[in-house]
There are 2 protein chains.
Amino acid sequence: MAIVRVVSAHTTGKPHTLASSGLSIGEAATQSGVSAKMIRHYETLGLLSGVARRNNGYRQYGPREIHTLQFIKRARDLGFSMAEIAELVGLWQNRRRTSASVKRIAQAHADDLARRIEAMQAMQQTLLSLIRCCQGDHRPDCPILDDLAGSASPIAHPVCSTKELLHQPRP
Amino acid sequence: MAIVRVVSAHTTGKPHTLASSGLSIGEAATQSGVSAKMIRHYETLGLLSGVARRNNGYRQYGPREIHTLQFIKRARDLGFSMAEIAELVGLWQNRRRTSASVKRIAQAHADDLARRIEAMQAMQQTLLSLIRCCQGDHRPDCPILDDLAGSASPIAHPVCSTKELLHQPRP
DNA sequence: ATGAACCTTGCCATGATGGGAAGGTCAAGC
DNA sequence: GCTTGACCTTCCCATCATGGCAAGGTTCAT
């Protein structure tokens, strides 16, 4: 229940300037699990509105930003695209949202996952069949190559393009 | 058994120049299922050695190249990376290969698929649990957002980075 | 002669992420 | 005071397989 909020400053215990004036990007990174690189990137995507700066130009994060970063992290871990996460963050911060709109996004993503899992399982089945048939010895004869070369009765039918399902993680 | 080899020239039945002097890239594309763009790309990757040209500079493909393209297509459909496919093509054309080396590549890819499928299934399970809990109505209260915000007992533990398993399809 | 349907090369975009360069800032230790 | 090291800043480039588009050449049919 209690959010784990280690107050020690970053890796070392050295607060850079004024003690509790907000977290630096490195500290925000350790506390959110999002890399500094990505925190800056998310800012350009508009996911963190109006990040404060210190006099020296360093970014400065408060509890609110940290929480948003943790939200993004969790959503990424569930495989949502940044576009979807942008929507989700918007809904999260909108008191007049409907749970239906959130559910719709989640369901679409779940459907997408299901489709990709299915496609990958089909590949896997074919592969495992071929691997099972292959002696794996010093001789050149290989049913795997035979299948790829089309010189064997194909074990499975290539249905869907790899690009769609493996390489284009989200539409 | 018989390889489907439609001999009609490309979409229309119009052989461009000399009747049977080899296929143009567009014809090679239709017969292999690989786009012309990708055929050129594979050539730069060194997968098609020494493609002949006509007097006008057009590429010209014989049965050998078409077969290689079909091989590549099939391997892509099984989810192999281009690096793996380069290896496989090399082995295919090497009479002194061992089936063990082919099997090793296939097994590594199968293992990779298994890892990714597992990770995606974990995401899917978490998502489906959350979706099940969400009313999906006009009210703002939403267990999905609660979970993402960390303000609920998390349903699953985010173990592996999305990047590794969803966005970086192959190593 | 014009247009259609091909072909050529070359550049740019995708999506999420990392790597690295070149340079600014700040505190601690000599 | 000066150096060192650990931060921070911005900007550019790379990944991977693929598509899109542009500018221009070729060939053939109307």
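Each chain gets a letter, A, B and so on, in the order its sequence line appears, and its residues count up from 1. Only a predicted model underlies this, so the values are computations on that prediction, with no experimental measurement involved. Atoms considered below: every heavy atom in the structure, side chains included; atoms not considered: hydrogens, waters and symmetry mates.
- Using a 4.5 Å heavy-atom threshold, the side chains of A:R76 and A:M82 count as touching.
- Shown here are the side chain to side chain contact (heavy atoms under 4.5 Å, CB included) partners of A:S101, two or more places apart in sequence or in another chain: A:L91, A:T98, A:R104.
- A salt bridge links A:R115 to A:D112: one of the charged nitrogens lies within less than 4.0 Å of a carboxylate oxygen.
- For A:D111, there are no salt bridge (charged side-chain N to carboxylate O under 4.0 Å, His left out) partners at least two apart in sequence or on another chain.
- Note: NE2 (A:H109) to C1' (C:dG15) measures 14 Å, nearest angstrom.
- Of all the residues in residues 32-42 of chain A, A:S35, A:K37, A:M38, A:H41, A:Y42 reach under 4.0 Å from DNA chain C with at least one non-hydrogen atom.
- Side-chain atoms of A:R76 lie closest to C:dT17 of the nucleotides D:dA17, C:dC7, C:dT17.
- In this structure, the CG atom of A:L69 is 12 Å from the P atom of C:dT17, given to the nearest Å.
- The side chain of A:S24 contributes no N or O atom lying less than 4.0 Å from OP1 or OP2 of D:dC7.
- The distance between atom CD of B:E27 and atom P of C:dC6, rounded to the nearest whole Å, is 10 Å.
- Qualifying side chain to side chain contact (heavy atoms under 4.5 Å, CB included) partners for B:A110, counting only residues two or more places apart in sequence or in other chains: A:L127, A:L128, A:I131, B:Q107.
- Partners of A:R139 by salt bridge (charged side-chain N to carboxylate O under 4.0 Å, His left out), not counting sequence neighbours, listed by chain and number: A:D137.
- For B:I144 against A:A106, the heavy-atom pair with the smallest separation is CD1-CB, 3.9 Å.
- Contact annotation: B:R59 does not reach the phosphate of C:dC7 (side-chain N/O to OP1 or OP2, under 4.0 Å).
- What separates CD of B:E43 from P of D:dT18 is a distance of 16 Å, to the nearest Å.
- The separation between B:I25 atom CD1 and C:dT8 atom C1' is 9 Å, rounded to whole Å.
- In this structure, B:E65 and B:T68 have side chains that are not in contact, with every pair of non-hydrogen atoms separated by 4.5 Å or more.
- The ring pair (Phe, Tyr, Trp, His ring centres under 6.0 Å) search around B:F71 returns B:W92, not counting sequence neighbours.
- The side chain to side chain donor-acceptor pair (under 3.5 Å) analysis of residues 36-51 of chain A, with sequence neighbours excluded, yields the pairs A:E43-A:R59.
- Between the CZ atom of A:R53 and the P atom of C:dT25 there is a distance of 13 Å, given to the nearest Å.
- One can place CZ of A:F80 at 18 Å from P of C:dG15, the figure rounded to the nearest angstrom.
- Residues that satisfy the side chain to side chain contact (heavy atoms under 4.5 Å, CB included) test with B:E118, not counting sequence neighbours, are absent from this structure.
- Positionally, the nearest nucleotide of DNA chain D for B:A83 lies more toward the 5' end than for the other of B:A83 and B:N55.
- Applying the side chain to side chain contact (heavy atoms under 4.5 Å, CB included) rule to B:E87 yields the partners B:I105; only residues at least two apart in sequence or on another chain are considered.
- Rounded to an integer number of Å, the gap from A:R54 CZ to C:dA27 P is 10 Å.
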Expected rows: protein N/O vs nucleotides 22-24 of chain C N/O, under 3.5 Å:
unit_1	atom_1	unit_2	atom_2	d
C:dG24	N2	A:Y58	OH	2.5

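- Fit an axis to the five pairs at each end of the helix from C:dA1-D:dT30 to C:dC30-D:dG1 and the two axes sit 40° apart, to the nearest 10 degrees.
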